[in-house]
Amino acid sequence: MLAFIAHLVDTDTDTDVVREALADIGCLDSVAMPSVLPRDAYGDDSPLPDLVVVGVRESNLVMLRQLVATVRDVPLVAVCDEADIEAVLACGAAHTATRPLRRRELGARIRDAVKNRNLASRRAVRERKMSETIRALQREKQDLERLVCVDALTGVANRRHAMELLAAEWKRSARDHLPLALVMIDLDCFHAYNEQYGHLGGDACLQQVVAAMARCLRRPSDFVGRYGGEEFMAVLPNTDALGAKLVAERMRAAVEELAIPHDASTAARSVTITAGFAAVRVLADVSDSIDRLIAGADSALLRAKLDGRNRVGGDAPLVRPARRMSSQRWHEFAPVYADPWFADRIPPFLEATETEIRELVETARRGERRSGLALQRLHRAATSLGLPAVATLIGEVEVAVRDAELDALRDGAEQLIEYVTHVQVIYRRTAHGQA
């Protein structure tokens, strides 16, 4: 039953036929409205009718276009002369009845309009439910992917995910002709540790050691993964042999500083690690494989273990060639703990953010306005990646752009660029989001 019908007609004859046609479909009550200013007839808080029957002349086609836009979700029947049907349809009216009005024909047009509206409403509901179901399935799929990519005990990437990330870094290094380094790590005499302190003690030891090693990786592109048992791997993109040696030594020292007692160790009185590193410059036009890089790091690890453990093995120059000192100020910001699932997503996002913000500042400097859509996308991405500090800084830049405050934009952009350039991202899932 139609509860609220508005008819806008311009002759008494039309009005009588409309009322008779409405009575035929069971509606005895309708509201006659003036055929002018239809936009004013429905305020923002006014309820829309269930049906609109509007009389149209060539002189009020603009009114029809406004009305169609105002009540676009309401079935509408336009009463017009046959010569005006094409123009009426062009204004957006889906249903027409021609003059002179015939009661039965108009009733059929009204029923058809209402039927189509009901079908469209049900279709929209089905599509909305289907979209919600698809989004829910996508979320479940992502949750499962995130669940299976992490080592449950240590919180870092498990072997499968770590190897997938390594393969992706290999392809990226080949494309950009950059070096790629790998550090293989083994806990010294860990079987003896388990025998003396029990497996629960061994689990707690692994968690502390991995947390210490993960904190030693200061670039968002670096990550630690569990290779198997007490063996771990650290992947260091765009890093040469000397850089890998420095990182490996930093991890070894960090574990030693934990001073976890290990009376059964033959290497020291506390828990220690032995590491081996290798680095290659991946060339896209040379047949090569990741196996060579892994074999090189494995071989270096074996040599270090044979040399007495609690040391770093690998071939690297004694000194690095002279170059400009690094401007990294990673220690100025609190480290961000991110899910290992994001290890291949966060680095390109941070780079894209820096590029977009620099272009935004340059555009503002030239006095040009730039769409805020890119900032909105970056804001959503930062939130989805679990980077609330980045999202906050992007929000401040958005406000400066909206208010056209050039000084505030420069200050906000500088802070954001400083952050995304130097923030330390640690890929390790923990119960509380930190080590």
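Nothing fancy with the numbering, it's 1 onward along the sequence.
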One should read off an interatomic distance between R281 CZ and L178 CG, to the nearest 0.5 angstrom, of 7.0 Å
Atom of L89, atom of A93 and distance for their closest heavy-atom approach:
CD2-O, 3.1 Å
Using a strict threshold of under 4.0 Å (side-chain N to carboxylate O), is an ion pair present between R252 and E256?
yes
Verify, without hydrogens or angle tests, whether Y427 (side chain) and S221 (backbone) share a donor-acceptor contact under 3.5 angstrom.
no
Check whether any side-chain N or O of R429 sits under 3.5 Å from a backbone N or O of G155 as a donor-acceptor pair, and report yes or no.
no
Contact check, side chains of V399 and R402, non-hydrogen atoms, under 4.5 Å:
yes
Begin with the C-alpha distance, continue with both residues' side-chain angles, and end with the deciding distance and a verdict on side chain to side chain donor-acceptor pair (under 3.5 Å) for R219 and T239.
CA-CA 11 Å; R219 299 180 306 171; T239 303; 2.6 Å; yes
Evaluate side chain to side chain donor-acceptor pair (under 3.5 Å) for R303 paired with S299, printing each intermediate quantity in order.
CA-CA 6 Å; R303 291 197 305 270; S299 177; 3.1 Å; yes
Can you tell me if E414 has over 12 outside heavy atoms packed within less than 6.0 Å of its CD?
no
Quick check for you: to the nearest 0.5 Å, what is the distance between I290 atom CD1 and S173 atom OG?
9.5 Å
Taking R428 for its side chain and T154 for its backbone only, find out whether a donor-acceptor pair lies under 3.5 Å.
yes
Measure from the side-chain N and O atoms of R226 to the backbone N and O of G229, and report whether any donor-acceptor pair falls under 3.5 Å.
yes
Is E86 atom CD crowded by more than 12 heavy atoms from other residues, nucleotides or ligands, each under 6.0 Å away?
no
Test side chain to side chain contact (heavy atoms under 4.5 Å, CB included) on E418 and Q415 and set out the steps.
CA-CA 5 Å; E418 184 79 4; Q415 293 180 42; 5.7 Å; no
Testing L409, L406, T363 one by one against V401 for a side-chain contact (heavy atoms from CB on, under 4.5 Å), which residue passes?
L409
Distance (rounded to the nearest 0.5 Å) between F342 CZ and L387 CG
8.5 Å
Check R366 with E362, please: is the shortest side-chain N to carboxylate O separation under 4.0 Å?
yes
Applying salt bridge (Lys or Arg N to Asp or Glu O under 4.0 Å) to E396 and not counting sequence neighbours gives none
Whether the side chain of R159 engages the backbone of G228 through a donor-acceptor N/O pair (distance < 3.5 Å, no angle test) should be reported.
no
Short N-O contact, R172 and E169, less than 4.0 angstrom:
yes
Taken to the nearest 0.5 Å, the spacing of L180 CG from D240 CG works out to 11.5 Å
Do you know which of D188, D307, D186 makes side chain to side chain donor-acceptor pair (under 3.5 Å) with T274?
D188
For the atom pair OG1 (T421) and CD (E354), what is the distance rounded to the nearest 0.5 Å?
4.0 Å
Specify whether H262 and Y197 have parallel, tilted or perpendicular ring planes, treating 30° as the upper limit for parallel and 60° as the lower limit for perpendicular.
perpendicular
